[in-house]
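Working notes for the structure below.
A note on names: the letters A, B, ... follow the listed sequences, proteins ahead of strands, and every chain is numbered from 1. Computed from a predicted structure; not experimentally measured.
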There are 2 protein chains.
Amino acid sequence: MESSSAIDRLSALAQPGRLAVFRLLVRAGPEGIPAGEIAAALGLAPNTLSSQLAILVQAGLLSSAREGRVIRYAARPDALSELIVYLMEDCCGGRPEICQPVQEAAARAACCPPSRIRARRPLSA
Amino acid sequence: MESSSAIDRLSALAQPGRLAVFRLLVRAGPEGIPAGEIAAALGLAPNTLSSQLAILVQAGLLSSAREGRVIRYAARPDALSELIVYLMEDCCGGRPEICQPVQEAAARAACCPPSRIRARRPLSA
DNA sequence: CTTATGTTTCGACATTCGTTGAAATATGGA
DNA sequence: TCCATATTTCAACGAATGTCGAAACATAAG
């Protein structure tokens with residue numbers, strides 16, 4: 001990925017409301033959630049949420065699909081993959097022991113299987 | 001990790017100069033690089049770099065150690081692990097096929113072994 | 001066609017952020 | 001002690017960002 005899109009994605013996520021939206025949609029999975037339900041779940045004004053959703057979509061982190069009157073948003077897992085790869089690129093200059101913990105963390109990421117393995121330390125927003 | 005530190009880390013990385021610094025130090029490995037060399041390598045004014053380094057250290061992304069007149073900075077791999085775990089937390093609600101590509105991407109991340117396996121697509125800053 | 005619902009767009013405002021120049025601090029050497 | 005090098009701190013300026021109210025747009029139902 002290009003550095004410009006990495007900046008776009010990082011700054012899209014670097015705001016409390018948008019980070020909450022993204023994480024909510026990561027948890028929701030591929031079906032996604034309609035904009036109105038996101039606003040209700042997070043207590044955000046509809047117009048504020050709308051601008052934030054636009055920024056996340058523009059950054060490639062979310063997809064959107066209209067269903068009647070409702071617009072349903074979903075997280076795009078590939079966007080996260082690309083970002084992680086970009087941040088770790090050429091890491092640890094041939095010393096596997098340095099970045100192995102990072103890879104293990106990604107593999108554990110509280111997912112797959114459902115909740116047998118927990119993340120090490122929770123990270124606050 | 002807490003959401004506040006996730007925001008701190010994401011916004012620390014969401015700026016071209018700081019992202020370049022962090023990636024340079026990820027590539028440099030655990031020995032790190034003195035501030036002056038970082039400034040020279042990236043063409044940044046010393047005082048500008050100093051504020052950016054302070055932000056990265058404050059976010060927990062870098063460590064610093066004085067060596068005589070020089071201050072040497074290094075990336076902290078754990079900070080990246082925690083961030084990735086936080087972003088992927090409770091992802092894909094029991095559907096492994098959704099987030100498996102993310103984990104594979106992390107495992108491939110152009111590292112360990114040195115450069116046999118390449119990242120899928122480069123990501124611009 | 002009119003109305004109601006869901007969502008977005010626009011303009012304005014206060015706040016935050018990044019850079020710059022000048023000065024200050026810290027360490028090492030003559 | 002005095003000087004040179006390396007880095008940080010401070011104050012100020014312009015640019016970018018997030019939020020709000022009001023209005024506009026899109027879809028569906030009566």
Taken to the nearest whole Å, CD/B:Glu37 to C1'/D:dT7 is 14 Å
Whole-Å distance, B:Leu44 CG to D:dA6 C1', equals 16 Å
For B:Gln15 and B:Gln52, the nearest pair of non-hydrogen atoms, with its separation, is OE1-NE2, 3.3 Å
Between A:Leu13 and B:Ile7, the two heavy atoms sitting closest are O-CD1, 3.9 Å
Between CG of B:Leu49 and P of D:dT8 the distance, given in whole Å, is 7 Å
Heavy-atom closest pair (B:Pro34 atom, B:Val70 atom, distance to 0.1 Å) is CB-CG1, 3.3 Å
Contacted region of DNA chain C by chain B, from 5' end to 3' end of the hits, cut-off under 4.0 Å to heavy atoms, spans C:dG18 to C:dG28
- Look at the side-chain heavy atoms of Ile, Leu, Val, Met, Phe, Trp and Tyr, link any pair under 4.5 Å apart, and say whether B:Ile55 and B:Leu44 land in one connected group. no
Checking D:dA29, D:dG18, D:dT7 against the side chain of A:Ile55 (C-beta onward), the nearest is D:dG18
Sorted by position of nearest nucleotide on DNA chain D, 5' first, the leading residue of A:Asn47 and A:Ala14 is A:Ala14
Separation of D:dG18 atom C1' from A:Leu56 atom CG, nearest Å, is 13 Å
From CG of B:Leu53 across to C1' of D:dT9 the rounded distance in Å is 14 Å
| request: Have a look at B:Arg18 and say if it touches a base, only the backbone sugar-phosphate, or nothing, with a 4.0 Å heavy-atom cut-off. | output: sugar-phosphate
Judged by nearest nucleotide, the residue sitting upstream toward the 5' end of DNA chain D, A:Arg69 or A:Ala45, is A:Ala45
